[in-house]
Amino acid sequence: MYDIVLIEDEPDLGTVVSSFLKMRGFSVIWFQTAHEALGYYRKHVMANRLLIIDVQLPDMNGFDLAARVHELNQHQIFLFLTAHSEKGNRLRGLNLGAIDYISKPFEIDELVLRVSNILKTFSPAPRYHGEADLQQTDLGDVTYVHDQLLVLLPGGREVSLTRRESELLNYLIKHPNRVVRKSDVLMALWGSDDYFNGKSLEVFISRLRGFFKASELVSIENVYGLGYILKIKKAGNDHSDTFPTI
(Lines give C-alpha, C1' and ligand atoms only; values in the text may rest on other atoms or scores of the structure.)
Protein backbone atom coordinates (compact mmCIF):
# COMPACT_ATOMS: atom_id res chain seq x y z
CA MET A 1 0.00 0.00 0.00
CA TYR A 2 1.25 3.46 -0.91
CA ASP A 3 0.66 6.38 1.43
CA ILE A 4 0.36 8.73 -1.55
CA VAL A 5 -0.41 8.50 -5.26
CA LEU A 6 0.77 11.71 -6.94
CA ILE A 7 -0.61 12.69 -10.36
CA GLU A 8 1.39 15.68 -11.63
CA ASP A 9 2.47 16.25 -15.24
CA GLU A 10 5.21 18.83 -14.63
CA PRO A 11 8.46 16.82 -14.39
CA ASP A 12 10.31 19.30 -12.17
CA LEU A 13 7.45 19.75 -9.73
CA GLY A 14 6.62 16.06 -9.68
CA THR A 15 10.24 15.16 -8.94
CA VAL A 16 10.52 17.71 -6.13
CA VAL A 17 7.19 16.81 -4.50
CA SER A 18 7.66 13.03 -4.66
CA SER A 19 11.29 13.22 -3.51
CA PHE A 20 10.50 15.53 -0.61
CA LEU A 21 7.57 13.41 0.56
CA LYS A 22 9.76 10.30 0.45
CA MET A 23 12.43 12.12 2.46
CA ARG A 24 9.76 12.77 5.10
CA GLY A 25 9.00 9.06 5.36
CA PHE A 26 5.99 8.69 3.06
CA SER A 27 5.72 5.97 0.42
CA VAL A 28 4.88 7.64 -2.91
CA ILE A 29 4.12 6.53 -6.46
CA TRP A 30 4.09 9.26 -9.12
CA PHE A 31 2.29 9.38 -12.47
CA GLN A 32 2.45 12.12 -15.10
CA THR A 33 -0.84 11.32 -16.84
CA ALA A 34 -4.35 10.62 -15.64
CA HIS A 35 -4.68 7.48 -17.75
CA GLU A 36 -1.55 5.91 -16.25
CA ALA A 37 -2.79 6.70 -12.76
CA LEU A 38 -6.28 5.37 -13.50
CA GLY A 39 -4.87 2.15 -14.94
CA TYR A 40 -2.84 1.63 -11.78
CA TYR A 41 -5.76 2.54 -9.53
CA ARG A 42 -8.10 0.01 -11.13
CA LYS A 43 -5.66 -2.74 -10.12
CA HIS A 44 -5.01 -1.39 -6.63
CA VAL A 45 -8.27 0.22 -5.53
CA MET A 46 -7.91 -0.40 -1.79
CA ALA A 47 -4.12 0.01 -1.56
CA ASN A 48 -3.77 3.79 -1.49
CA ARG A 49 -4.30 6.18 1.39
CA LEU A 50 -4.25 9.57 -0.39
CA LEU A 51 -4.35 10.82 -3.98
CA ILE A 52 -2.79 14.18 -4.83
CA ILE A 53 -4.21 15.27 -8.20
CA ASP A 54 -3.12 18.19 -10.35
CA VAL A 55 -6.23 19.77 -11.86
CA GLN A 56 -4.56 20.67 -15.17
CA LEU A 57 -3.36 17.34 -16.59
CA PRO A 58 -2.52 16.90 -20.29
CA ASP A 59 -4.90 14.01 -21.00
CA MET A 60 -7.77 14.54 -18.59
CA ASN A 61 -9.11 17.19 -16.27
CA GLY A 62 -8.18 16.40 -12.67
CA PHE A 63 -11.80 16.75 -11.60
CA ASP A 64 -12.83 14.12 -14.15
CA LEU A 65 -10.08 11.81 -12.89
CA ALA A 66 -11.32 12.26 -9.31
CA ALA A 67 -14.87 11.43 -10.43
CA ARG A 68 -13.67 8.19 -12.04
CA VAL A 69 -11.70 7.28 -8.94
CA HIS A 70 -14.79 7.96 -6.84
CA GLU A 71 -16.77 5.50 -8.98
CA LEU A 72 -14.22 2.80 -8.14
CA ASN A 73 -13.90 3.67 -4.45
CA GLN A 74 -16.25 6.22 -2.94
CA HIS A 75 -14.17 6.32 0.27
CA GLN A 76 -10.90 7.30 -1.38
CA ILE A 77 -9.53 10.58 -0.04
CA PHE A 78 -7.76 13.08 -2.27
CA LEU A 79 -6.64 16.69 -2.53
CA PHE A 80 -6.09 18.90 -5.56
CA LEU A 81 -3.10 20.85 -6.75
CA THR A 82 -4.35 23.80 -8.76
CA ALA A 83 -3.22 27.10 -10.18
CA HIS A 84 -6.81 28.29 -10.01
CA SER A 85 -8.30 29.86 -6.91
CA GLU A 86 -11.73 30.67 -8.30
CA LYS A 87 -14.64 29.78 -6.06
CA GLY A 88 -16.32 27.71 -8.76
CA ASN A 89 -13.36 25.38 -9.19
CA ARG A 90 -13.00 24.91 -5.47
CA LEU A 91 -16.67 24.10 -5.02
CA ARG A 92 -16.53 21.61 -7.88
CA GLY A 93 -13.68 19.78 -6.20
CA LEU A 94 -15.35 19.81 -2.81
CA ASN A 95 -18.55 18.44 -4.29
CA LEU A 96 -16.48 15.53 -5.57
CA GLY A 97 -15.38 14.86 -2.01
CA ALA A 98 -11.96 16.51 -1.98
CA ILE A 99 -10.37 16.87 1.44
CA ASP A 100 -8.26 19.90 0.61
CA TYR A 101 -6.79 22.23 -2.02
CA ILE A 102 -3.20 23.37 -2.49
CA SER A 103 -2.88 26.41 -4.77
CA LYS A 104 0.22 26.80 -6.92
CA PRO A 105 2.75 28.11 -6.25
CA PHE A 106 3.04 26.56 -2.80
CA GLU A 107 5.71 25.95 -0.20
CA ILE A 108 6.70 22.29 -0.07
CA ASP A 109 6.64 22.42 3.74
CA GLU A 110 2.98 23.49 3.58
CA LEU A 111 2.13 20.51 1.38
CA VAL A 112 3.94 18.10 3.69
CA LEU A 113 2.15 19.52 6.73
CA ARG A 114 -1.28 19.20 5.12
CA VAL A 115 -0.53 15.67 3.92
CA SER A 116 0.66 14.69 7.40
CA ASN A 117 -2.49 16.07 9.00
CA ILE A 118 -4.74 14.32 6.49
CA LEU A 119 -3.07 10.93 6.94
CA LYS A 120 -3.22 11.27 10.72
CA THR A 121 -6.92 12.06 10.56
CA PHE A 122 -8.01 9.46 8.03
CA SER A 123 -7.01 5.87 8.61
CA PRO A 124 -7.22 3.26 5.84
CA ALA A 125 -10.74 2.03 5.06
CA PRO A 126 -11.69 -0.87 7.33
CA ARG A 127 -12.38 -4.39 6.06
CA TYR A 128 -15.55 -6.13 7.23
CA HIS A 129 -16.11 -9.70 8.29
CA GLY A 130 -19.63 -9.65 9.70
CA GLU A 131 -22.28 -7.73 11.57
CA ALA A 132 -20.31 -7.94 14.82
CA ASP A 133 -17.74 -5.59 13.34
CA LEU A 134 -20.23 -2.79 12.84
CA GLN A 135 -20.67 0.18 15.16
CA GLN A 136 -23.76 2.31 14.78
CA THR A 137 -25.55 5.26 16.32
CA ASP A 138 -29.33 5.72 16.20
CA LEU A 139 -30.40 9.32 15.59
CA GLY A 140 -34.17 9.49 15.72
CA ASP A 141 -35.33 7.74 12.55
CA VAL A 142 -31.79 7.70 11.10
CA THR A 143 -29.02 5.18 11.75
CA TYR A 144 -25.36 6.02 11.24
CA VAL A 145 -23.08 2.99 10.68
CA HIS A 146 -19.64 4.31 11.61
CA ASP A 147 -17.46 1.52 10.23
CA GLN A 148 -19.09 1.62 6.82
CA LEU A 149 -19.45 5.42 6.59
CA LEU A 150 -23.11 4.74 5.90
CA VAL A 151 -26.33 6.59 6.81
CA LEU A 152 -29.58 4.60 6.82
CA LEU A 153 -32.53 6.90 6.16
CA PRO A 154 -36.29 6.34 6.49
CA GLY A 155 -37.80 4.34 3.67
CA GLY A 156 -34.76 2.08 3.36
CA ARG A 157 -32.55 4.59 1.57
CA GLU A 158 -28.81 4.23 2.19
CA VAL A 159 -26.28 7.05 1.73
CA SER A 160 -22.53 6.49 1.65
CA LEU A 161 -20.53 9.35 3.17
CA THR A 162 -17.13 10.59 2.17
CA ARG A 163 -14.52 10.51 4.92
CA ARG A 164 -14.78 14.26 5.50
CA GLU A 165 -18.59 14.04 5.72
CA SER A 166 -18.18 11.22 8.21
CA GLU A 167 -15.73 13.22 10.33
CA LEU A 168 -18.11 16.17 10.35
CA LEU A 169 -21.12 14.03 11.28
CA ASN A 170 -19.12 12.39 14.07
CA TYR A 171 -18.30 15.82 15.45
CA LEU A 172 -21.93 16.94 15.38
CA ILE A 173 -23.13 13.70 16.96
CA LYS A 174 -20.91 14.38 19.96
CA HIS A 175 -22.87 17.62 20.53
CA PRO A 176 -26.53 16.76 19.79
CA ASN A 177 -29.00 19.64 20.05
CA ARG A 178 -26.19 22.01 20.97
CA VAL A 179 -24.86 24.95 19.04
CA VAL A 180 -21.35 24.16 17.82
CA ARG A 181 -19.25 27.11 16.78
CA LYS A 182 -18.09 27.15 13.19
CA SER A 183 -14.57 28.11 14.27
CA ASP A 184 -14.41 25.12 16.65
CA VAL A 185 -15.42 22.71 13.90
CA LEU A 186 -12.84 24.17 11.53
CA MET A 187 -10.02 23.93 14.05
CA ALA A 188 -10.99 20.39 15.03
CA LEU A 189 -11.25 19.00 11.48
CA TRP A 190 -9.21 21.33 9.26
CA GLY A 191 -6.72 22.72 11.75
CA SER A 192 -7.41 26.25 10.49
CA ASP A 193 -10.41 28.57 10.34
CA ASP A 194 -9.37 30.50 7.24
CA TYR A 195 -11.78 31.65 4.51
CA PHE A 196 -11.40 28.71 2.11
CA ASN A 197 -11.70 26.11 4.87
CA GLY A 198 -14.84 27.91 5.97
CA LYS A 199 -16.27 27.57 2.47
CA SER A 200 -15.33 23.88 2.48
CA LEU A 201 -17.20 23.37 5.74
CA GLU A 202 -20.29 25.08 4.30
CA VAL A 203 -20.27 22.66 1.36
CA PHE A 204 -20.10 19.59 3.61
CA ILE A 205 -22.78 20.95 5.96
CA SER A 206 -25.02 21.50 2.94
CA ARG A 207 -24.46 17.92 1.75
CA LEU A 208 -25.31 16.43 5.14
CA ARG A 209 -28.34 18.70 5.45
CA GLY A 210 -29.54 17.44 2.08
CA PHE A 211 -29.31 13.82 3.20
CA PHE A 212 -31.38 14.50 6.32
CA LYS A 213 -34.25 16.04 4.34
CA ALA A 214 -35.62 12.49 4.19
CA SER A 215 -35.90 12.45 7.99
CA GLU A 216 -38.71 13.92 10.11
CA LEU A 217 -36.61 13.79 13.28
CA VAL A 218 -33.10 14.85 12.29
CA SER A 219 -31.94 18.15 10.79
CA ILE A 220 -28.93 20.45 10.70
CA GLU A 221 -29.65 24.14 11.13
CA ASN A 222 -27.54 27.26 10.87
CA VAL A 223 -27.27 29.49 13.92
CA TYR A 224 -26.57 32.93 12.53
CA GLY A 225 -23.22 34.32 13.61
CA LEU A 226 -22.29 31.23 15.61
CA GLY A 227 -22.36 27.92 13.81
CA TYR A 228 -24.60 24.89 13.50
CA ILE A 229 -26.89 22.64 15.50
CA LEU A 230 -27.72 18.97 14.89
CA LYS A 231 -31.34 18.69 16.00
CA ILE A 232 -32.58 15.24 16.97
CA LYS A 233 -36.19 14.70 18.03
CA LYS A 234 -37.56 11.64 19.73
CA ALA A 235 -40.21 9.70 17.85
CA GLY A 236 -43.65 10.91 18.90
CA ASN A 237 -42.22 14.11 20.37
CA ASP A 238 -42.46 17.48 18.68
CA HIS A 239 -39.53 18.85 20.66
CA SER A 240 -35.83 18.13 20.49
CA ASP A 241 -34.07 16.74 23.52
CA THR A 242 -32.87 19.75 25.46
CA PHE A 243 -29.18 20.44 25.90
CA PRO A 244 -27.41 23.68 26.79
CA THR A 245 -25.78 25.62 24.00
CA ILE A 246 -22.03 26.26 24.07
Side-chain angles (χ1 to χ4, degrees), residues 3-5 41 45-46 48-53 55 62-63 65-82 87-103 110-111 113-126 135-137 139 142 144-153 158-175 180-213 218 220 222 227-230:
D3 291 324
I4 300 163
V5 178
Y41 195 85
V45 171
M46 299 302 294
N48 315 279
R49 296 183 64 191
L50 172 67
L51 270 62
I52 301 177
I53 305 175
V55 171
F63 295 128
L65 172 60
R68 294 195 185 188
V69 165
H70 194 259
E71 290 175 357
L72 297 170
N73 178 12
Q74 60 188 348
H75 301 309
Q76 178 64 59
I77 59 174
F78 53 89
L79 64 82
F80 287 117
L81 300 178
T82 177
K87 178 181 177 181
N89 278 334
R90 285 180 175 269
L91 292 182
R92 182 180 179 188
L94 294 170
N95 280 322
L96 287 170
I99 293 299
D100 207 346
Y101 264 92
I102 302 288
S103 296
E110 178 189 2
L111 175 63
L113 179 60
R114 293 203 193 186
V115 167
S116 298
N117 289 338
I118 289 170
L119 293 182
K120 286 178 184 177
T121 303
F122 298 100
S123 59
Q135 300 176 16
Q136 66 183 44
T137 299
L139 312 168
V142 172
Y144 172 46
V145 185
H146 298 251
D147 293 345
Q148 291 186 335
L149 310 185
L150 192 68
V151 171
L152 309 180
L153 297 168
E158 298 183 359
V159 174
S160 293
L161 304 181
T162 66
R163 289 185 179 274
R164 181 61 84 190
E165 290 166 351
S166 178
E167 286 291 322
L168 178 55
L169 182 55
N170 280 327
Y171 189 94
L172 295 174
I173 286 173
K174 292 177 181 178
H175 309 280
V180 295
R181 294 188 178 92
K182 182 176 181 179
S183 59
D184 291 342
V185 180
L186 287 169
M187 293 304 297
L189 301 186
W190 275 265
S192 169
D193 59 356
D194 66 22
Y195 173 80
F196 286 115
N197 287 337
K199 291 299 181 182
S200 299
L201 173 58
E202 290 174 9
V203 170
F204 289 114
I205 285 288
S206 178
R207 289 165 65 92
L208 290 178
R209 183 182 289 121
F211 299 150
F212 292 138
K213 285 183 177 179
V218 183
I220 298 176
N222 289 339
Y228 310 99
I229 182 169
L230 175 65

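Residues: numbered from 1 along the sequence shown.
Remark: D194 engages N197 in a side-chain hydrogen bond (donor to acceptor under 3.5 Å, both in side chains) (not counting sequence neighbours). Every residue was checked against the salt bridge (Lys or Arg N to Asp or Glu O under 4.0 Å) condition with E158, not counting sequence neighbours, and none meets it. Considering only residues two or more places apart in sequence or on other chains, F212 meets the ring pair (Phe, Tyr, Trp, His ring centres under 6.0 Å) condition with none of them. Residues forming a side-chain hydrogen bond (donor to acceptor under 3.5 Å, both in side chains) with S160 (at least two apart in sequence, or on another chain): Q74. Qualifying side chain to side chain contact (heavy atoms under 4.5 Å, CB included) partners for S206, counting only residues two or more places apart in sequence or in other chains: none. With sequence neighbours excluded, the residues forming a side-chain hydrogen bond (donor to acceptor under 3.5 Å, both in side chains) with R209 are N222, listed by chain and number. Partners of L113 by side chain to side chain contact (heavy atoms under 4.5 Å, CB included), not counting sequence neighbours, listed by chain and number: N117.
Inter-residue side-chain proximity for V115 and I52 is flagged as met; some heavy-atom pair is nearer than 4.5 Å. Side-chain atoms of F204 and L189, non-hydrogen and from C-beta on, never get closer than 4.5 Å to each other. In this structure, L230 and L208 have side chains that are not in contact, with every pair of non-hydrogen atoms separated by 4.5 Å or more. Between L152 and V145 the shortest side-chain heavy-atom distance falls below 4.5 Å. A 4.5 Å side-chain heavy-atom check between L201 and L168 finds at least one atom pair inside the cut-off.
Atoms CG and CD1, from L139 and I173 in turn, are 4.5 Å apart once rounded to the nearest 0.5 Å. To the nearest 0.5 Å, the span separating CG on N170 from CG on L149 amounts to 8.5 Å. In this structure, CG on L65 lies 4.5 Å from CD1 on I53, to the nearest 0.5 angstrom. How far CD of Q148 is from CG of L161: 11.5 Å, rounded to the nearest 0.5 Å. Of the inter-residue distances, the one linking R207 atom CZ with E165 atom CD reads 4.0 Å to the nearest 0.5 angstrom. Distance CG/L51 to CD1/I77: 9.0 Å, rounded to 0.5 Å.
Cation-pi contact between R114 and W190: absent, since separation from the ring centre below 6.0 Å together with deviation from the ring axis within 45° is not met.
Using the six-membered ring where Trp is involved, F80 and Y101 have ring planes that are tilted, between 30° and 60° apart.
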### Task
Carefully, step by step, assess L81 and V55 under the rule side-chain contact (heavy atoms from CB on, under 4.5 Å).
CA-CA 6 Å; L81 300 178; V55 171; over 6 Å; no

### Message
Applying side-chain contact (heavy atoms from CB on, under 4.5 Å) to I229 and I220, what does each step give before you reach the verdict?
### Response
CA-CA 6 Å; I229 182 169; I220 298 176; over 6 Å; no

### Query
Please walk me through it: do L119 and D3 pass side-chain contact (heavy atoms from CB on, under 4.5 Å)?
CA-CA 8 Å; L119 293 182; D3 291 324; 4.2 Å; yes

### Task
Dump the intermediate steps for side-chain contact (heavy atoms from CB on, under 4.5 Å) on V151 and L169, then the final yes or no.
CA-CA 10 Å; V151 171; L169 182 55; 4.1 Å; yes

### Message
Quick one, E202 with K199, criterion salt bridge (Lys or Arg N to Asp or Glu O under 4.0 Å). Give me CA distance, side-chain angles, the key distance, then yes/no.
### Response
CA-CA 5 Å; E202 290 174 9; K199 291 299 181 182; 3.6 Å; yes

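Comment: R164 does not engage E167 in a salt bridge, judged by the lack of any side-chain N to carboxylate O separation of less than 4.0 angstrom.
Looking only at atom types and distance, the side chain of Y144 has a donor-acceptor partner in the side chain of S166 under 3.5 Å away. Using a 3.5 Å distance cut-off with no hydrogens or angles, the side chains of Y41 and N73 do pair a donor with an acceptor.
Considering all non-hydrogen atoms of both residues, H70 and T162 come closest at NE2-CG2, 4.4 Å. The minimum heavy-atom distance linking V69 with Q76 is given by the pair CG1-CG, 3.9 Å.
Side chain of R49 to main chain of I4: no donor-acceptor pair is present (N/O by atom type, distance under 3.5 Å, no hydrogens or angles).
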